[in-house]
Structures are given as C-alpha cells and as structure tokens.
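As structure tokens, the structure follows; a few thoughts come after it.
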Amino acid sequence: MHQKYSFKAIEEKWQNTWESQGSYKVSEVSGKPKFYCLEMFPYPSGKLHMGHVRNYSIGDVLARFYRMKGYQVLHPMGWDAFGLPAENAALKNNIPPAKWTWDNIANMRSQLKRMGISYDWDREVASCHPSYYKWTQWLFLQFFKKGLAYRKEANVNWCPSCQTVLANEQVVGAGVCERCSTRVEKKNLEQWFFKITDYADRLLDNLPKLTGWPERVKVMQENWIGRSEGARVVFRSEEGAELPVFTTRPDTIFGVTYMVIAPEHPLVEKLIAGKPEAEAVRSFVRKVMDQDEIARTAADTEKEGVFTGAYAINPLNGEKVPIWVANYVLLGYGTGIVMGVPAHDQRDFEFARKYGLPVRVVISPEDVELKGEELTEAFAAEGYLVNSGEFTGMPSQEAIGAVIRKVEELGIGQAQVNYRLRDWLISRQRYWGAPIPIVYCEHCGIVPVPVDQLPVLLPEDVRFKPTGQSPLAELADFVATTCPTCGGPARRETDTMDTFVCSSWYFLRYTDPLNEQMPFSREKADYWMPVDQYIGGIEHAILHLMYARFFTMVCYDLGLVGFEEPFTNLLTQGMVTKDGFKMSKSKGNVVDPNYIIDAYGADTARLFILFAAPPEKDLEWSDQGVEGCYRFLNRVWRLAVEIYEKYLPVWQDAATGALSPAGLELHRKTHSTIKRVSEDIQERFNFNTAISALMELVNTIAKYIAEDQERSEPWVVREALQSLLLCLAPFAPHITEEIWSAFGFDGSVHEQNWPEFDPAALVLDEVEIVVQINGKVRDRLLVRKGISEAELEEKVKALPKVSEALNGKTIRKLIVVPEKLVNVVIG
RNA sequence: GCCGAAGUGGCGGAAUUGGCAGACGCGCUGGACUCAAAAUCCAGUGAGGCUCAAACCUCGUGUGGGUUCGACCCCCACCUUCGGCACCA
C-alpha cells in the first residue's frame with residue numbers, strides 16, 4: 001500500500017472500473033426484494049451546487065446500503081431539462097436553448113460521475129428529448145380523452161417578467177412568481193387546464209396513508225387542498241334572480257341580515273339594472289377591479305362595499321335583506337356570493353359595523369344571552385340556536401344537518417364540499433417546453449393530434465423575443481397544418497406545457513426508459529414502483545409532490561399502473577447555507593463542489609456533507625469541517641497502512657482462544673458500531689451519528705494496535721478493519737474500495753453483504769450502575785451482570801457516599817433500574 | 001391571525017425517546033516530534049466555587065410554572081427564530 005492517501009488517483013481509478021464493469025446497472029429479478037431509491041432530478045443549470053451534492057450523497061448512501069443488504073436497487077438519474085433559463089440564456093448569449101441545455105447536461109453528468117454516485121446511467125432520461133416528451137404528449141392526450149385536460153377562459157396569473165401564465169401553485173409568498181420573484185398580475189385568458197380538482201378528495205384522503213412522509217409536507221398539502229364542508233343554498237332576489245351561496249354554517253341562516261356579491265360577478269349588472277344606485281355601484285366595481293389582486297386579497301385590507309339597491313329573500317324565514325357588493329368577496333371561491341351573518345362571522349361583523357347593518361344573534365352559548373348591539377366581535381363558536389324558527393333550541397352541530405335537510409326538502413340547496421384547490425393551469429407562452437399536441441380546425445374545433453403522429457416536434461430554428469405569445473406562433477411552418485379529422489387547413493397549438501407536467505411522471509419512465517411503444521410497461525412499473533425512498537427539497541412540498549401524486553392516480557385510473565401513490569417514503573433535506581444564508585450568487589457565498597472535489601476528493605465532500613447535520617436540517621457549510629473529514633479519511637488510510645504492514649503477515653480468519661481485555665473491547669466496539677451504523681442508516685437517516693460511530697471505531701482500533709505488542713489475536717483487528725470498510729463504504733465508496741482491494745479481500749467492497757452484528761459480542765460481564773441520591777449522580781458501581789436486585793441494593797447501601805448522605809436520616813425509597821441505575825431517596 | 005417545526009458549550013451537533021447532558025467533529029490551550037514550519041501524535045477544554053493538587057460542591061439544555069424518586073425529553077403558560085396558509089364564506 002502507498003503511504004499516502006492519493007484521493008485523486010484512487011477516485012478516478014475506481015470510477016473508471018465501476019463504469020467499465022457496469023457495476024450499477026440493474027434489472028428486474030423475481031424473488032429478490034427491490035428498493036427504488038430516487039433523488040429529485042435536477043434542472044440542468046450548468047453546474048452542480050451543494051444542494052445537489054447533499055441530495056445525491058444522501059441517496060447514494062441508501063442505494064449502496066440496500067444493495068449490500070441484498071436488494072435489487074433502482075437508482076437512476078436524469079434531467080428536468082425544459083424551462084425558462086435555457087431561453088433566457090439563448091437570448092443573452094445567442095445560443096440555441098437545445099445546445100445550451102445539452103452542453104449543461106454533459107457538464108453536470110461528468111460532475112456527478114466525479115462524485116462517485118452509483119447510478120444506472122443506462123436509464124438516464126432528459127425531459128427535453130423527443131423520446132421523452134413524446135410520452136408527455138401521449139399522457140396529455142390520455143388526460144384529454146378522459147376530460148381531464150380542457151381549455152377555458154379564466155382570470156389567470158401572469159408573470160410579466162417570464163412573459164407567461166403561471167399555475168396557482170407557482171405564485172408564492174406575497175403574490176410573486178415562484179421562479180423570478182416578480183409580482184404576478186391577473187389576466188383574463190383562454191388556457192389549458194388539468195382537472196386536478198376532480199382528484200381533490202383522493203389527494204386529501206390518501207394523505208394519512210403516507211406514513212413515510214414528513215408531517216409538515218402532509219399538512220401543507222392539506223392546507224393547499226383546503227377542503228371545507230357546508231351547504232349550497234339558493235337565495236333569490238326580489239326580481240327572482242337566483243343567488244346561490246356556499247356556507248359552512250347553514251345553522252346561522254336565520255342570522256342573515258344582508259347579502260354580498262363579488263364585484264366582478266356577472267349578476268351584478270342584472271341586479272342594478274334600472275336602480276338609482278347603478279352608477280355608484282359601477283364606479284365602485286371599477287375601483288376594486290383597478291386594485292392590485294394581491295392588495296385586494298390581503299387579510300388586512302379594509303373591507304369596503306356599496307348597496308346595490310336590490311334585495312334578496314331569505315328562503316327560510318322570508319325576510320327581505322339588502323344585497324351589497326364588497327371587495328372581500330372573491331369570485332373564484334364558492335359561488336362568489338355570500339350570505340352576511342355578522343353575529344357569527346368576523347368578516348361579516350366588521351363589514352356590518354362599518355356600514356350600520358343589523359347584527360342578529362342566532363347562536364348562543366349555553367348560559368349567556370348575547371345581544372347583537374353589544375357584541376364587540378363575532379361569536380363564531382358552536383352553541384344553541386335562538387331566534388331560528390323551528391330550529392330554535394337545537395345545538396348548532398345538529399342544526400347544520402337539520403337546515404341542510406330542510407333546504408333539500410324545499411329544493412333550494414344541498415350539502416356541498418368546497419375546495420381551495422384550483423385546476424392546474426398547464427399552458428405556457430414559451431418555447432422551451434413540450435408542445436401541447438392539439439390542432440385547431442375551423443370545422444372540427446379542438447382536435448387532439450393522433451397518437452401515431454407523436455411527437456409533435458419542437459422546431460429548433462426559432463427566434464426569441466418574449467412577447468407574451470409563444471415564439472412558436474411566429475413559425476408559419478409549425479403553425480400551419482392539416483386537421484387530422486377532416487384534412488382541412490388547421491393551426492397548431494403554440495403554447496407549451498408547464499415543466500411540472502414533464503416532472504410528474506419521470507419516476508415511471510425510469511422503470512422502462514427505452515420503451516418505444518408506451519411511456520412504460522405496466523409490468524416494469526409495477527415491479528419497481530412505488531419509489532421506496534424519495535429525497536429532495538422541501539420547496540416541492542406542494543408543487544411537484546402533489547402534481548406527481550395526481551398523475552399517478554390518473555395513471556392508476558387509466559390502468560397504466562397498479563398503485564395510486566408514487567412515493568412511499570419521503571425525505572425532505574434541509575438547505576445548505578453559508579454564513580447563515582442560502583448559498584446564492586447574489587450573496588456571493590457559493591462554494592463550488594468542483595473546487596472541493598479537486599482539493600479534498602469526492603469521498604471527503606460526501607462525508608462532510610453527511611456528517612455536518614442530519615439530512616432534514618439546514619446545513620451550515622464549514623471549510624474547517626471539511627478539513628476535519630479529510631483528516632479522518634487520512635487517519636483511516638494510515639491505519640490501514642499500519643495494519644497492512646504489521647498484521648497482514650499474521651492474518652487469521654477465526655478466533656483462537658480467549659481474547660485479552662483490549663481485544664474483547666475492540667471486538668465489542670466493532671459489533672456495537674455495526675449495530676449503530678445499521679440502525680442509523682435504515683431507521684433514522686442519521687448519517688451524522690453513523691459517521692461519528694465510525695470515527696469512534698477508528699479511534700478504538702488505533703488505540704488497540706498502538707498497544708498490541710504480541711499480535712497474538714490478529715483476527716480481532718481483521719474483523720474490525722473489514723467491518724469498518726464495509727460500514728464506511730456507502731459514505732466513502734472510493735477509499736474503502738481501494739483499501740479493500742489492497743488487502744486482497746474478495747471482490748468489490750460494494751458487493752459484499754452488509755455485516756451483521758453479533759449480539760453475544762455486546763454482552764458485558766460487568767455493568768456500571770449509576771448511583772443517585774435524591775436524583776443526583778453521586779457515585780458509580782461496577783457489578784457483575786445479572787446481579788439480584790437485593791444484592792445490588794445491599795451494595796448500594798454499603799457505599800460510603802450513601803451512608804455519609806444518610807447521616808441519621810432514613811431511606812424513603814429505592815428506585816432500581818436494572819443494569820443502569822439506582823436512586824436512593826433520602827428524607 | 002391560524003397551522004407547523006425548532007431553540008443544548010466558542011461553533012456544527014449527540015443524548016437510540018423519562019435514567020450519567022455535551023458523544024463525534026471543529027476551534028482553542030498546553031505538550032511531543034522538528035533547526036523551524038506544516039503534517040502527525042498525546043493531554044486538556046460548559047460556567048462558577050473550593051483546593052498546592054486531587055477529591056468535592058453549586059449552577060447549567062429559550063423563560064416561568066407543574067408532574068415525577070428522577071425532566072433537554074411529558075403537561076401548562078410565555079418569549080424568540082424559521083417555514084406554510086391567510087378576507088376561502
């Protein structure tokens with residue numbers, strides 16, 4: 001063995017060997033358990049960043065671990081390759097987006113290879129390749145056939161910087177674009193949508209079954225879906241126009257003192273027709289519409305409204321109440337009309353007080369009488385009905401059902417569930433995406449491109465000007481086509497699909513990446529799926545993770561797969577920060593993975609990033625911490641060299657005779673380390689503590705060989721070294737492979753069975769008992785294992801510390817925790 | 001405002017879930033090796049008190065209470081930080 005740890009030579013050597021031997025290629029094997037380990041595929045921005053390094057290091061530990069555990073491990077990598085940066089780069093540098101993207105992919109692929117991640121590169125996919133987006137388009141057509149892809153005009157989010165529309169999920173924070181943080185505007189446009197709302201219930205109901213998902217991700221999805229149960233009740237205006245409302249509190253219907261309609265509601269014009277208030281209402285509506293959507297929907301925006309001059313009739317008590325228009329009612333939720341119950345809804349309360357509308361109490365707590373005029377805030381809790389006709393006296397829970405039955409009887413309403421979730425807007429007015437496979441024909445209307453004409457290829461000779469229209473629209477050759485149905489002249493859809501569509505099914509393609517007949521075969525998908533461990537950033541908690549679930553459910557309904565949920569276990573890794581901030585160019589705190597690999601090697605980079613923090617937490621980058629990990633690997637190397645020189649000539653496989661105390665301790669440490677590392681990887685994902693256990697083992701081995709003069713029990717050292725290499729292999733694959741091979745051990749370290757610990761090795765003859773007096777540690781006692789409780793108590797009582805503390809007082813109580821602790825309670 | 005997560009040495013973090021707080025690593029201090037430095041190795045390292053030294057004692061896991069023989073861990077109230085949602089009827 002070389003005296004020096006030459007990481008560069010070692011890493012290159014083994015990466016080449018693994019590649020030429022196809023070490024990580026995998027196929028289906030019946031009768032062997034499978035493990036699908038998946039990291040979120042990256043956008044090919046050009047360079048790996050530390051977040052990627054962290055993501056893929058975590059995945060690789062698991063992939064290598066489960067391989068050693070005897071699983072068929074599917075561990076693929078690919079590229080989420082459509083998207084705006086390619087177009088922006090094209091504009092800036094005059095490079096075609098395709099070239100820019102493929103160059104970036106080549107660059108990042110070679111970086112990943114330098115990391116030594118165990119991917120099956122034969123399964124690599126790129127969402128911008130026609131062999132992939134052909135199937136994205138195919139899936140779109142399946143959605144279309146099922147009525148799950150449709151076109152409609154809607155008031156949609158528009159990012160003026162990206163010059164395209166966005167899905168609701170892509171508007172974040174205070175109404176800014178998820179990509180570029182530009183403030184999003186609203187536009188009325190005709191667009192393509194996926195009917196994700198049809199799946200709202202299933203997306204919600206399955207959440208509790210996802211026991212391997214972090215609670216917070218599930219909560220975020222639950223909030224996003226925003227299910228609320230209530231009733232739809234149709235009020236009527238005096239003139240007879242239907243005014244349906246959605247309410248979660250039908251029990252408060254006798255407390256309605258006014259109605260509110262959203263300013264942009266189409267009924268507004270009808271209501272004010274011929275009324276003296278008409279002009280005032282119109283000018284109010286204009287004012288609200290001019291207001292920024294974001295400002296208008298903020299919770300702290302002042303509630304404002306005007307009376308329309310029209311009245312509605314409460315269908316339950318026949319009462320006539322005024323209809324108002326107000327900014328706090330949104331057209332997009334429920335029916336866009338709200339029944340105003342100021343006594344029992346805080347928003348209605350504020351509005352009513354401002355405009356002097358009556359506040360009528362219809363729900364009362366058990367022992368207090370509320371008075372509308374005296375309330376300072378709405379009473380929104382449950383209680384008993386008052387002033388509510390035949391329902392008076394009912395508890396509100398019961399009344400909800402009773403009122404619903406009543407309106408059903410009257411034929412003016414029914415129970416209804418409402419969702420916050422909106423349909424997914426998927427069309428984008430941009431070039432670098434999968435073309436939507438649709439043709440518009442003057443005679444036949446919207447016509448899907450027949451499957452045998454897929455893919456609709458993305459033309460490459462395109463000029464870029466972000467104009468708010470897809471650049472494809474300017475390509476006459478692309479636009480002009482013939483109708484697949486009637487053969488007449490037709491025009492192609494020029495919008496492309498949201499890149500989140502492409503990433504909603506890539507995990508299925510990995511299971512069968514070369515299939516030319518189908519996006520994937522059901523057989524292969526059912527073999528590998530669901531993903532056993534998915535790893536990625538928390539930023540996808542709603543977006544990608546909900547879309548992917550939706551796609552999988554649709555595929556299930558289409559009979560393409562035999563499972564509804566794609567990801568059994570989800571690990572959301574924390575950010576990599578430096579100086580307390582997320583690494584970013586603008587902050588100037590970026591650490592380049594290339595630099596770290598050049599200076600210390602991939603093994604050190606991987607080890608540090610896994611050691612510095614548990615995976616779910618944010619990780620603060622530390623150059624000194626990297627040094628520490630580099631030192632550790634050097635220590636491992638020197639230790640191996642020393643063992644090679646001193647022990648290799650006297651190796652023995654098996655135990656002979658009884659071990660010395662030091663040998664026994666090393667043996668025990670070896671097995672406790674195996675136990676610890678196995679549990680930390682498999683059950684807790686605590687790679688940091690697994691690594692610290694390995695550091696302890698190295699320290700113990702070093703101490704042992706420094707003191708071992710006779711070398712009469714070399715098998716203990718051999719066992720310790722082999723176990724160390726095997727347990728370290730998933731974290732630092734190159735150095736362990738090199739040492740394993742230098743010692744002439746069989747095959748590749750990565751193809752060995754994961755070591756099993758021997759419980760017998762962990763058994764101690766003697767255990768240290770902590771002795772507490774009144775709960776405070778006062779002494780320790782070494783006793784033989786299996787000592788009787790009575791004998792232990794005697795020994796404890798005999799301790800000088802105990803008699804000293806006793807000093808005339810009595811022992812009140814003696815708590816004994818077997819093999820651990822005795823607490824003497826003195827009083 | 002609502003929901004959720006987190007607060008432990010100089011720093012990153014341990015404590016396998018109610019039983020020795022601070023594992024492991026970084027940093028720092030002292031020592032060995034060296035002409036010197038780097039590298040490496042050894043020892044020490046929560047705060048305070050007492051002591052020549054050791055022994056020993058007190059305090060200590062965001063704050064204040066509580067439960068318990070015993071609390072970083074459980075309960076109640078609060079503070080701070082970070083995320084998500086936010087006029088959703």
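Lettering follows sequence order; numbering is per chain, from 1. Excluded from the calculations below are hydrogen atoms, water molecules and symmetry mates; all remaining heavy atoms, backbone and side chain alike, are included.
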Syn/anti state of rG66(B) by chi, 90° boundary around 0: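 In terms of base orientation relative to the sugar, rG66(B) is anti.
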
Where the chi angle of rU17(B) falls, syn if within 90° of 0 and anti if not: syn

[options]: which one has an atom nearest the side-chain heavy atoms of [X]?
X	options	answer
Ser692(A)	rA23(B), rA89(B), rG13(B)	rA23(B)
Arg676(A)	rG84(B), rC87(B), rA14(B)	rA14(B)
Leu821(A)	rG19(B), rG25(B), rA89(B)	rG19(B)

Phe608(A) ring center near Tyr600(A) ring center (under 6.0 Å): no

Ring-ring centroid check Phe500(A) Trp424(A), cutoff 6.0 Å: no

Side-chain N,O ([X]) to OP1/OP2 ([N]) below 4.0 Å:
X	N	answer
Ser228(A)	rA89(B)	yes
Arg631(A)	rC26(B)	yes
Lys776(A)	rC59(B)	yes
Lys801(A)	rC56(B)	yes
Asn688(A)	rA14(B)	yes
Asn699(A)	rG25(B)	yes
Arg778(A)	rC57(B)	yes
Lys813(A)	rC69(B)	yes

Roughly how far apart, to the nearest Å, are [N] and [M] at atom [atom1]?
N	M	atom1	answer
rU29(B)	rG46(B)	P	16 Å
rC52(B)	rA47(B)	C1'	23 Å
rG9(B)	rA21(B)	C1'	11 Å
rA39(B)	rG30(B)	P	16 Å
rG62(B)	rC56(B)	P	28 Å

For a quick check of understanding: with a heavy-atom distance under 4.0 Å over all strands, which category does [X] fall into, base, sugar-phosphate or nothing?
X	value
Gln624(A)	sugar-phosphate
Asn823(A)	base
Gly226(A)	nothing
Glu696(A)	sugar-phosphate
Asn634(A)	nothing
Thr247(A)	sugar-phosphate
Val219(A)	sugar-phosphate
Val329(A)	base
Glu222(A)	nothing
Val825(A)	sugar-phosphate

Donor-acceptor pair (no angle test) under 3.5 Å: Arg780(A) side chain, rC20(B) base: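 Looking at the base of rC20(B), it does pair with a donor or acceptor on the side chain of Arg780(A) (distance under 3.5 Å).
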
More than 12 heavy atoms from other groups under 6.0 Å of NZ on Lys354(A):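 Result for NZ/Lys354(A): enclosed.
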
Asn418(A)-Ser228(A) side chain donor-acceptor pair, cut-off 3.5 Å: no

Could you give the [atom1]-to-[atom2] distance, from [X] to [N], as a whole number of Å?
X	N	atom1	atom2	answer
Leu619(A)	rC11(B)	CG	P	17 Å
Asp623(A)	rC26(B)	CG	C1'	12 Å
Asn686(A)	rC24(B)	CG	C1'	13 Å
Glu616(A)	rG83(B)	CD	P	17 Å
Asp680(A)	rU16(B)	CG	C1'	8 Å
Gln772(A)	rA21(B)	CD	C1'	13 Å
Gln221(A)	rG4(B)	CD	P	17 Å

Residue mapping more 5' on RNA chain B - nearest nucleotide basis, Arg684(A) or Gly332(A): Arg684(A)

Closest-nucleotide ordering on RNA chain B, the 5'-leading residue of Phe611(A) and Val777(A):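 It is Val777(A), whose closest nucleotide lies nearer the 5' terminus.
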
Is any NZ, NE, NH1 or NH2 atom of the basic residue among [X] and [Y] found under 4.0 Å from an Asp or Glu carboxylate oxygen of the other?
X	Y	value
Arg236(A)	Glu242(A)	yes
Glu819(A)	Lys785(A)	yes
Arg668(A)	Glu665(A)	no

Of all pairs that satisfy salt bridge (charged side-chain N to carboxylate O under 4.0 Å, His left out), the ones with a partner from residues 604-626 of chain A, not counting sequence neighbours: Asp60(A)-Arg606(A)

